[in-house]
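Before I ask anything, let me first share the structure, which is written out below as structure tokens.
Predicted model only: the values in this text are computed from it and were never measured. By convention in this document, chain letters (A, B, ...) are assigned in the order of the sequence lines, proteins followed by strands, and residues within each chain are numbered from 1.
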Amino acid sequence: MKLYDFIWLVPLFPLIGAAFNGFVSNRRGLSKKTTHTVALLGAGAAWIYGWAAILQWFFTEDRTQPYVVKAFTWITGGELAIEGGRTAAVDIAASFQVDPLSAVMVGFVSFVGFLIHLYSVGYMHDEPDREYARYFAYLNLFMFAMLTLVTGSNLPVLFVGWEGVGLCSYLLIGFYFKKDWCAAAGMKAFIVNRIGDFGFILAIFVAFYYFGTLEFEGLFQAMGNDHHGHFAIAATIIGLLLFVGAMGKSAQIPLFVWLPDAMAGPTPVSALIHAATMVTAGVYMVARCNYFYQMSPTAMLVVAVIGGVTAVFAATIGLVQNDIKKVLAYSTVSQLGYMFLAAGVGAYVVAIFHVVTHAFFKACLFLGSGSVIHACGGEQDIRKMGGLKKYMPATYWTFLAATIAIAGFFPFAGFFSKDEILAKVFAAGYGDLNHNGGIYYLLWVLAVLGAVLTAFYMFRLVFLTFHGSFRGGEEAEHHLHESPWTMTLPLKVLGVLSIIGGFIGLPGHLWHHPEHNLIDGFLEPTVLHLEHGEHAAHPGLGLEFGLIALSLAAAGLGLAIAWRFYLMDPGYTRANYLARRFPLVYKLLLNKYWVDELYAATVIRGTVKLADLLWEFDSRVVDGAVNGIRHLTVGWSWLSGIFDLQIVDGLVNLVGTSYDAASRQFRRLQVGFAQGYAMVMVFGAALLLSIFFFVNL
Amino acid sequence: MIGATHYVVLSLILFCLGLVGVMMRRNFITVLMSLELMFNAVNLNLIAFSFRLSDLAGQVLAIFVITVAAAEAAIGLGLIIALVRLKDTVDLDQADEMRG
Amino acid sequence: MEFLIANFVEILFYCLAVLTVAGGIGVLLFKSPVHAALSLLFTFVLVGALFLLRHAELLAAVQVLVYGGGIMVLFLFVIMLVNVKSLAAEQVFMSGIAPLAVVGGVLLGVLIAFGLVFGVLASGHGDGTALRSVDGEEIGNTEAIGAILYTKYLVPFEVVSVVLLVAMIGAIVFGRRSAALETGGGGGGP
């Protein structure tokens, strides 16, 4: 039996878990044990079955073709006229596919998801039973949505998952909805996401208009067969619109503002959704639809520029943040920028590679921070931490491993993926990709700068949190403890993966495949290759090693500065000196460039004003119209009443009156005056006679 | 020659006089008299035509008319007596109780 | 004188006619019922004379006897009986009726004339021999009428007799002094 024929079971298992926890555990207040068993079964089944199905597929099917499984027909409609005088039937199926890209995504999403479910068991231990059930229901629901997203074989199914993860993000960010700022953060996330989704929907419409199909395979074929650039415009439009969606979902400029606020949710949520999986959905989508970007230099450039700028922008903000989760949040935004930068130079595989490695270490970092917060009794300000290394060794070592990975040191996972990104960006500049070489070079410079910053702020975090002495007060110090095994086990697993996870990206030379490494080779069939793209200039091997050295040096520089500022300087005098020396810069960074305030003053105020205007319109015009109609109706009915009373009744009365008058007149004949009767007879006789004569004459 | 025409015209005049009298006179008795005048006019007509057509039927009918007229005059005068007993007047203007 | 003799019938007729009409007008216009009654009597006699001109001898006799001697006497008796005084001058005619009545009467008269003159009459002059004959034998008007009255017109004769009887009974009923008719008195009288 082919397990992957039922690949749709992979999202379904957690859905069942969510349904159970949501409707049964939550309502009836079942025990935590029941709840988390069901939840873990849901997530675990998705993981085990997903891995099994993928392995089976890997060894059975042709990996260059996607294996599409149609579950049921979802939307059918009539024929629609599309571009070029053609018509296409609307026939959207709920179908799923197994192909290299979805395999990779399912692989790590289900696994990391399961680990985080396990972690949550420990983390959410203190919650009441009902809240516990609600949490796991939402978490399972998220797994369902995310797995649907990555296994969908057409844009609508992907969009279902897309929306679903957005919904779960809202539900989970606002999990502690009784706190106003948590509920507000949830709404902010959802609304900003929706702005992106608007672009996504438009992209779907445009795609259908041009291609008549929304299946990925169909779109791939259509773009692949387009040798004359007929669909270049379409590709640009669709690519840009899709990227708008990605900007929202993956928190790029200008729609990144929700992600730092999303830290209001429980930390495992931040780990799963806002680090490892949901935010990477945008990258997945771009990689999945790479054929559009491949055919549109404009779209690619936009993606790269925004990615690169975001990478550095977010990194600068992260330099000075004092909330442990905020630092990690901005770090996530920055790393997502790197992923899009990679996609923007055509290195979709590398982008996905970074998605995977990032999932490992960022999840590890977040879970670690959760462990720290848990130990510090809910404290999140790193200025009140310190010296935790001796209290929580497991947390410390895994956190450190993940930090080294994110900084990009060899041979940890982040090195391979980040280095690849830098190399590919440089190659784009070197090879003058799409004749935008100059810009790509500039982006490469930004990317290297970002690497320095990344290393710096991450090690700053580590040093401030785990090294030095504890600054949180005596009381709190007594409570410092390591977390239970449900929390440290996932940390350890992820820590190990952060170390070894990059080896699938080892340069192909070691494997006698000069051009491809493992993951490259695996994912290669999913990318649309352009004839002309293959012949661009490549930097030589020497240059490549030089670049590697450069990226390592950048990371090392960041580490060194952080070491100097935070490890070697117990009072952090140098750091504070810098802050006082450049107060404006410091304030700018600390207040996140006042982007939120800017939005509030412009977009939000504008929207509120528009809403007020519309309300005025409604109140005056529409309600006025309604009231006017009311007055009209009242007036009309009054008029009708008058009409009825006067005219109709008048007519009726008139009939009566006329009868009365006539009868009065006729009564006068009957005066009792016999001679009158005689006279009438005379007249009558005269009349008859005259008739007689006139008839006979 | 005096023909039927002359008699007819004469009878018409008398008839109309009687008719007007019936309709117009206020005293009930004179109304009955006018009625008799009308009968006479009819008789005159009948006789004229009887002569003209050499048929005795006209004269026979005239006899009948006279007879009935006499009977009717008797009844009428009885009515007058009844009326006088009831209302003490023969003024028809005052005999208007059967009004609608 | 010859003219008088030659046209004696015509002159006689016209004189009689004028007088008859005068009598009729008198009936119409006299205020006093007695005067009107006398005028009516005058008319009856003259009509009888006119009957004679048309060779209706029996009718003339019957006319004078019945009308003049019977009906008019009856009228006069009643007038005396009810003790009617003449009404005031303006009360000769019914109030408000004059114009209409005249118009109506004239109209009717004109129509009748119209019909008679055009439709029926032809000028001509019959003779009265048939009016005096029974079975071709000239006996006399009375005998002639009698001859057909009791044979051909017997049924109408009997009917008229019944009518007379009924009238007589009616007159007696009307003439009774009964309690319902008395205006003033209570108590029943015979």
Original post:
Under a 4.5 Å heavy-atom cut-off, does chain C meet the side chain of B/Ala41, its backbone, both or neither?
Top reply: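 It is neither, since no heavy atom gets under 4.5 Å.
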Original post:
How far does CZ of C/Arg54 sit from CG of B/Leu46, to the nearest 0.5 angstrom?
Top reply: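 Answer rounded to 0.5 Å: 14.0 Å.
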**OP:** Could you tell me if the ring centre of C/Phe13 sits under 6.0 Å from that of B/Tyr7?
**Re:**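 Under 6.0 Å, so yes.
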Original post:
Looking only at heavy atoms, what is the nearest atom pair of C/Pro33 and B/Thr30, with distance?
Top reply: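 Minimum heavy-atom separation between C/Pro33 and B/Thr30: CA-CG2, 4.1 Å.
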Original post:
Distance from B/Glu36 atom CD to C/Leu41 atom CG, nearest 0.5 Å?
Top reply: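 Reported to 0.5 Å precision, the distance equals 12.5 Å.
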**OP:** Could you tell me which portion of C/Ile172 (side chain, backbone, both or neither) has an atom closer than 4.5 angstrom to a non-hydrogen atom of chain B?
**Re:**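 Contact with chain B: none, neither part.
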Original post:
Rounded to the nearest 0.5 Å, how far apart are CG of C/Leu38 and CE of B/Met33?
Top reply: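 One gets 8.5 Å once the value is rounded to the nearest 0.5 Å.
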Subject >> Closest non-hydrogen atom pair, B/Leu37 against C/Gly24 >> reply: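 The pair with the smallest heavy-atom distance is CD2-CA, 3.7 Å.
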**OP:** Heavy-atom distances under 4.5 Å only: say whether B/Leu14 touches chain C with side chain, backbone, both or neither.
**Re:**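 Only the side chain of B/Leu14 comes within 4.5 Å of chain C.
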Subject >> Check: C/Val27 main-chain N/O paired with B/Arg25 side-chain donor or acceptor under 3.5 Å >> reply: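 At least one qualifying donor-acceptor pair exists.
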**OP:** Quick one: do C/Phe51 and B/Gln59 satisfy side chain to side chain contact (heavy atoms under 4.5 Å, CB included)? Show the steps, please.
**Re:** CA-CA 10 Å; C/Phe51 283 173; B/Gln59 292 192 8; over 6 Å; no
**OP:** Check whether B/Ile13 gets within reach of chain C through its side chain, its backbone, both or neither, counting any heavy atom under 4.5 Å.
**Re:**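 Only the side chain of B/Ile13 comes within 4.5 Å of chain C.
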Original post:
Are any of the side-chain heavy atoms of C/Val163 and B/Thr67 separated by less than 4.5 Å?
Top reply: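 In short, these two side chains do not touch, never coming nearer than 4.5 Å.
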Subject >> Region of C/Leu50 in contact with chain B, defined by heavy-atom distances below 4.5 Å >> reply: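 Contact with chain B: backbone and side chain both.
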**OP:** Compare every heavy atom of B/Ala57 with every heavy atom of C/Ile148, then report the nearest pair and how far apart it is.
**Re:**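 Scanning both residues, the minimum pair turns out to be CD1-N, 4.5 Å.
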Original post:
Quick one: of C/Val66, C/Val62, C/Leu59, who has the most non-hydrogen atom pairs under 4.5 Å with chain B?
Top reply: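 Of the candidates given, the most pairs with chain B belong to C/Leu59.
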Subject >> Value rounded to 0.5 Å, distance of CD in C/Gln63 from CD1 in B/Ile63 >> reply: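 Reported to 0.5 Å precision, the distance equals 11.5 Å.
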Original post:
Do B/Asn40 and C/Thr20 pass the side chain to side chain contact (heavy atoms under 4.5 Å, CB included) test, and can you show the C-alpha distance, the side-chain angles, and the key distance before you say yes or no?
Top reply: CA-CA 11 Å; B/Asn40 275 283; C/Thr20 311; over 6 Å; no
Original post:
Where do C/Leu149 and B/Val60 come nearest, in terms of heavy atoms and distance?
Top reply: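 Answer, listing the atom of C/Leu149 first, then B/Val60: CD1-CG1, 3.7 Å.
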**OP:** Check each atom of C/Tyr67 against the heavy atoms of chain B and say whether the ones under 4.5 Å are side chain, backbone, both or neither.
**Re:**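 For C/Tyr67, side-chain heavy atoms alone lie under 4.5 Å from chain B.
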Original post:
Measuring heavy-atom distances to chain B, does C/Leu74 have an atom under 4.5 Å in its side chain, in its backbone, in both, or in neither?
Top reply: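 Both backbone and side chain.
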**OP:** Find the distance between NE2 (C/His55) and OG (B/Ser54) and round it off to the nearest 0.5 Å.
**Re:**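 Output value for this atom pair is 10.5 Å.
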**OP:** Check whether C/Phe77 gets within reach of chain B through its side chain, its backbone, both or neither, counting any heavy atom under 4.5 Å.
**Re:**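 It is neither, since no heavy atom gets under 4.5 Å.
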Subject >> Residue pair B/Ala74 / C/Ala171: nearest heavy atoms and the distance that separates them >> reply: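 Closest heavy-atom pair between B/Ala74 and C/Ala171: O-CB, 4.3 Å.
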Original post:
chain C: which of B/Ala70, B/Gly21, B/Gly18 shares the most heavy-atom pairs with it under 4.5 Å?
Top reply: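 That would be B/Ala70.
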Original post:
With only heavy atoms counted, which part of B/Leu19 is less than 4.5 Å from chain C, the side chain, the backbone, both or neither?
Top reply: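 Only the side chain of B/Leu19 comes within 4.5 Å of chain C.
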Subject >> CA sep, side-chain torsions, deciding dist, call: C/Phe174, B/Leu79, side chain to side chain contact (heavy atoms under 4.5 Å, CB included) >> reply: CA-CA 6 Å; C/Phe174 269 121; B/Leu79 264 178; 3.6 Å; yes
**OP:** Heavy-atom distances under 4.5 Å only: say whether B/Leu61 touches chain C with side chain, backbone, both or neither.
**Re:**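 Neither part, no heavy atoms under 4.5 Å.
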Original post:
How far apart are the closest heavy atoms of C/Val21 and B/Leu17, and which atoms are they?
Top reply: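 The answer is O-CD1, 3.9 Å.
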Subject >> C/Glu10 CD to B/His6 NE2 distance, which is reported to the nearest 0.5 Å >> reply: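 Atom-to-atom, C/Glu10:CD and B/His6:NE2 are 7.5 Å apart.
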